2 protein chains.
Amino acid sequence: MSSNSGSAGGAAGRIGIGLELDATHLKILEVLRENGRVSVSALAERVGISRANAYTRFEALRADGVIRRFTAEIDHQRAGLGIVALIFVTVRQQMWRQFRAQLAQMPEVEYCAITTGQHDAMIQVRMADVAEVHAMVTERLANIPAVKATETVFILDEVLRRPYVLPSDRERERGRGTSRRPGSAPSPEPEQGQGQGQGQGLPLGKMRFVGAAEGRAALRDES
Amino acid sequence: MSSNSGSAGGAAGRIGIGLELDATHLKILEVLRENGRVSVSALAERVGISRANAYTRFEALRADGVIRRFTAEIDHQRAGLGIVALIFVTVRQQMWRQFRAQLAQMPEVEYCAITTGQHDAMIQVRMADVAEVHAMVTERLANIPAVKATETVFILDEVLRRPYVLPSDRERERGRGTSRRPGSAPSPEPEQGQGQGQGQGLPLGKMRFVGAAEGRAALRDES
DNA sequence: GTTGAAATTAGTACGAA
DNA sequence: TTCGTACTAATTTCAAC
């Protein structure tokens, strides 16, 4: 549960893939992500394979870590934690390890990610009321030496939350101009492929990418 | 799955609570959130109640919507979607309905929340590579008339993701200065309770709250 | 990778405390 | 309400194909 102290499998994790996922694997994941409690028999039927095969693949996915765990999605409103807030944190350099250790001690933190851009990390918290958010930020977060500054915004409505996106979701949207299969060539268009190193002011003049702040390249070496 | 078009039970949702959750309910949720596939028998044993009682409560939690669904947590890295990005969107007023409709059509969007602060919404997407994020923002998002502007940051590492916070988590952290039970009086201290209407410059001078932009009060009336 | 049959376990119903 | 038990139905395992 709260033993997620280390990396939670983020974008900068390892690349070594142990299990090559075929279409059947993805189908299994698709079903499991919608209904994590289906019996393997029902799963086999839904996917269109035999039960023994389903058991084998299910176990393989679990053992290989593709399926990390099964969990219940809870209505926080009814569970008593209806207030959601995002806290953007600026972390003092060379204090990442301490920052992470402190976070692990805060059970009210649902999600924390290290980001590029203006801030260094984003924290999502669930609270019973707004005052609790305030108290959390001012009394708990602010007392962490690693925290240089914070910026808090409240979530007014969670429009959608998907059980975790899969590559196979992409296949379902066709003929819409931008159909990209995962694993294929990144950019057919010549003007792309420069990744996040691009500046501001892009096509249509509507969006801008925010790159990482300086001196953050050695980020992973500390944790 | 992607039928989450409406509100996903956000902070501004309804308050009517149908089921009063006692300590046993929370214990059940605790177990279920860590292992969504436990049998009800094992659940009963872990919680310390009879099987029949466990079945009754389990069904009640499910029927009442406290448990929304069961899902598999997937390692995106190994599933082929290792790149995570946050896209902060400024939405044209009076176009929220269209914005939401468009989002429902984008399977690569894992999470979307309407926020206070500088931007109007935050979108989290999972992609196979960085170029795909770029393509998504420039070719898909930018083409939505409701989208006025976007700002993209990449997630370098997901430090922690908890299966969904529970009020009972709070009980476990004791004697740390700020122990608040959900449902109790929001603020014992007199200087609190003003909520999100506060300005900038707070205790320790380290953090600031970012309130909602003007003219966003009628947000929920449109959707 | 598939089918079928045995053993185990889960789910249900009902009476008693 | 909650518990305990007996009954029914399903799932998992393991075998051979």
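Each chain gets a letter, A, B and so on, in the order its sequence line appears, and its residues count up from 1. Nothing here was measured: the structure is a model prediction, and the numbers come from that model.
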Is any side-chain heavy atom of A:Ile155 closer than 4.5 Å to a side-chain heavy atom of B:Met122?
no

Five pairs per end, C1' atoms only: what is the angle between the end axes of the helix from C:dG1-D:dC17 to C:dA17-D:dT1, to 10 degrees?
30°

Minimum heavy-atom distance between A:Leu103 and B:Leu160, given as atom pair plus value
O-CD2, 4.1 Å

Only counting residues at least two apart or in another chain, list the ones meeting side chain to side chain contact (heavy atoms under 4.5 Å, CB included) with B:Thr56.
none

Quickly work out the B:Asn53 CG to D:dT1 C1' distance and round it to whole Å.
7 Å

How long is the line joining CD of A:Glu45 and P of C:dT3, in whole Å?
12 Å

Sugar-phosphate or base contact per nucleotide [nucleotides 4-17 of chain C; S, B, -; heavy atom under 4.0 Å]
B-----SBB-----

Closest heavy-atom pair and its distance - A:Val133, A:Ala85
CG1-CB, 3.8 Å

Where is the tightest heavy-atom contact between A:Ala44 and A:Ala54, given as atom of each residue plus distance?
CB-CB, 3.5 Å

Nearest-0.5 Å distance that lies between atom CZ in A:Phe154 and atom CE in A:Met127
9.5 Å

Within the structure, does a side-chain N or O atom of B:Arg57 lie under 4.0 Å from either OP1 or OP2 of D:dT2?
yes

Test applied, salt bridge (Lys or Arg N to Asp or Glu O under 4.0 Å); reference residue, B:Arg126; option that passes from B:Glu158, B:Glu132, B:Glu108
B:Glu158

Round to a whole Å and report the spacing from CD1 of B:Ile49 to P of D:dG4.
12 Å

For A:Met136 against A:Val109, the heavy-atom pair lying closest together:
CE-CG2, 3.8 Å

With nearest nucleotides of DNA chain D determined for B:Ser50 and A:Val38 from heavy-atom distances, which residue corresponds to the more 5′ nucleotide?
B:Ser50

